[in-house]
Amino acid sequence: MDISNAALVVIDMQNGFVNHHSRDAVPAVWDLVARWSAADRPVIFTRYFNYPDSPYERFFRWDRLQQSPETDIVPELAEATVHAHSVIDKTGYTLLTPDAAVLIRQTGWTDLAFCGIATESCVLKSSRRPSR
């Protein structure tokens with residue numbers, strides 16, 4: 001990894017994803033964001049938004065994360081979003097939305113480091129190289 005040309009991507013650290021099983025990860029993510037920021041490296045946050053009649057709602061009857069406070073970044077990290085390079089809103093698993101692709105291309109970042117709590121879904125999907 002070329003740290004001089006990398007950004008930290010904090011995936012979906014939102015109230016609706018944090019529970020008693022994942023709460024212990026919040027301080028570790030906060031520490032990583034603080035260290036990355038102190039090194040003057042860019043930090044990006046993502047926020048997932050479910051929407052009425054989404055595939056998640058239609059097929060799985062999952063209607064969470066459609067409004068505040070579930071969609072809000074956890075209080076411990078909310079201040080960090082103010083100083084973040086960007087906050088990318090998304091309605092699917094991956095960071096790689098059209099807006100994020102433009103941002104990455106414009107900044108010239110060649111490497112991305114990922115953290116979050118939904119490691120089996122959104123973190124994994126964002127960090128996996130798209131198939132060719």
Side-chain angles (χ1 to χ4, degrees):
M1 172 181 272
D2 177 5
I3 197 72
S4 67
N5 205 22
L8 175 65
V9 182
V10 182
I11 304 285
D12 304 347
M13 291 297 296
Q14 296 164 264
N15 291 325
F17 287 124
V18 175
N19 59 40
H20 67 281
H21 297 292
S22 60
R23 170 72 39 208
D24 290 342
V26 174
V29 171
W30 182 92
D31 185 58
L32 182 58
V33 169
R35 289 172 185 254
W36 200 274
S37 298
D40 203 29
R41 301 301 320 138
V43 177
I44 301 168
F45 282 82
T46 68
R47 288 185 302 199
Y48 170 76
F49 288 90
N50 197 6
Y51 55 91
D53 203 36
S54 72
Y56 307 103
E57 189 176 270
R58 285 193 323 267
F59 299 124
F60 305 115
R61 302 202 187 290
W62 188 71
D63 61 358
R64 296 193 53 219
L65 281 119
Q66 291 190 5
Q67 57 188 336
S68 182
E70 284 189 326
T71 56
D72 297 341
I73 299 292
V74 295
E76 298 89 337
L77 292 167
E79 179 68 22
T81 63
V82 174
H83 305 290
H85 188 278
S86 186
V87 177
I88 303 289
D89 293 335
K90 60 193 185 69
T91 58
Y93 288 120
T94 183
L95 154 76
L96 299 175
T97 64
D99 289 342
V102 168
L103 174 67
I104 293 165
R105 191 170 34 258
Q106 286 177 344
T107 59
W109 296 323
T110 58
D111 294 285
L112 301 173
F114 295 89
C115 65
I117 51 176
T119 56
E120 81 292 352
S121 56
C122 297
V123 175
L124 177 64
K125 183 71 172 173
S126 292
S127 64
R128 188 176 180 285
R129 179 185 296 215
S131 42
R132 298 180 191 253

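Atoms considered below: every heavy atom in the structure, side chains included; atoms not considered: hydrogens, waters and symmetry mates. Owing to the predicted nature of the structure, the values given are computational and were not obtained by experimental measurement. The first residue in the sequence is number 1, and the count goes up from there.
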Practice problem: Give a yes or no on whether V18 and W62 share a hydrophobic cluster (residues Ile, Leu, Val, Met, Phe, Trp, Tyr; joining criterion: side-chain heavy atoms under 4.5 Å apart). | Solution: yes
Exercise. For the residue pair Q66 and P52, establish whether any side-chain heavy-atom pair is separated by less than 4.5 Å.
Key: yes
Quiz item: Looking only at atom types and distance, does a side-chain atom of R41 sit under 3.5 Å from a main-chain N or O of S4, one as donor and one as acceptor?
Solution: yes
Quiz item: Say you draw a straight line from CG of D12 to CZ of F45; how long is it, rounded to the nearest 0.5 Å?
Solution: 11.5 Å
Quiz prompt | Minimum heavy-atom distance between T46 and I73, given as atom pair plus value | solution = O-CD1, 4.0 Å
Quiz item: Hey, are the side chains of N15 and P75 touching, using non-hydrogen atoms and a 4.5 Å cut-off?
Solution: yes
Exercise. First locate atom CG of L103, then atom CG of L95, and finally report the distance between them rounded to the nearest 0.5 Å.
Key: 8.5 Å
Self-check item: Linked, directly or transitively: Y93 and M13 (ILVMFWY side chains, under 4.5 Å)
Solution: yes
Quiz prompt | Where W36 and A113 come nearest, the two heavy atoms and their spacing | solution = CH2-CB, 3.9 Å
Quiz item: How many angstroms lie between atom OG1 of T110 and atom CD1 of I3, to the nearest 0.5 angstrom?
Solution: 10.0 Å
Quiz item: Would you say Q67 has more than 12 foreign heavy atoms packed within less than 6.0 Å of its CD?
Solution: no
Quiz item: Can you tell me how far CD1 of I11 sits from CD1 of I88, rounded to the nearest 0.5 angstrom?
Solution: 10.0 Å
Exercise. State yes or no: do V87 and V43 share one hydrophobic cluster built from I, L, V, M, F, W and Y residues joined by side-chain heavy-atom distances below 4.5 Å, directly or via other members?
Key: yes
Practice problem: Measure the OG1-NZ distance between T97 and K90 for me, rounded to the nearest 0.5 Å. | Solution: 9.0 Å
Quiz item: In terms of hydrophobic clusters joined by side-chain contacts under 4.5 Å, are L32 and F17 together?
Solution: yes
Quiz item: Do T81 side-chain atoms and A78 backbone N/O form a donor-acceptor pair below 3.5 Å?
Solution: yes
Practice problem: Decide if atom CZ of R61 counts as having more than 12 heavy atoms of other residues, nucleotides or ligands within a radius under 6.0 Å. | Solution: no
Quiz item: Aromatic rings H85 and W109: how do their planes relate, parallel, tilted or perpendicular, breaks at 30° and 60°?
Solution: perpendicular
Quiz item: Is a donor on one side and an acceptor on the other found under 3.5 Å between the side chain of E70 and the backbone of R64?
Solution: no
Exercise. Please step through side-chain contact (heavy atoms from CB on, under 4.5 Å) for the pair L96 and I104, ending with a clear verdict.
Key: CA-CA 9 Å; L96 299 175; I104 293 165; 4.2 Å; yes
Quiz item: Under the 3.5 angstrom rule, does the side chain of D63 hit a backbone N or O of E57 as a donor-acceptor pair?
Solution: no
Quiz prompt | L65 backbone acceptor or donor facing T71 side chain under 3.5 Å | solution = no
Quiz item: Would you say the side-chain atoms of R58 pair up with the backbone N or O of D53, donor to acceptor, closer than 3.5 Å?
Solution: yes
Quiz item: Could you state the interatomic distance from CG (N5) to CG (L112), rounded to the nearest 0.5 Å?
Solution: 9.5 Å
Practice problem: Group every Ile, Leu, Val, Met, Phe, Trp and Tyr by side-chain heavy-atom contacts under 4.5 Å, then state whether F60 and Y48 land in the same group. | Solution: yes
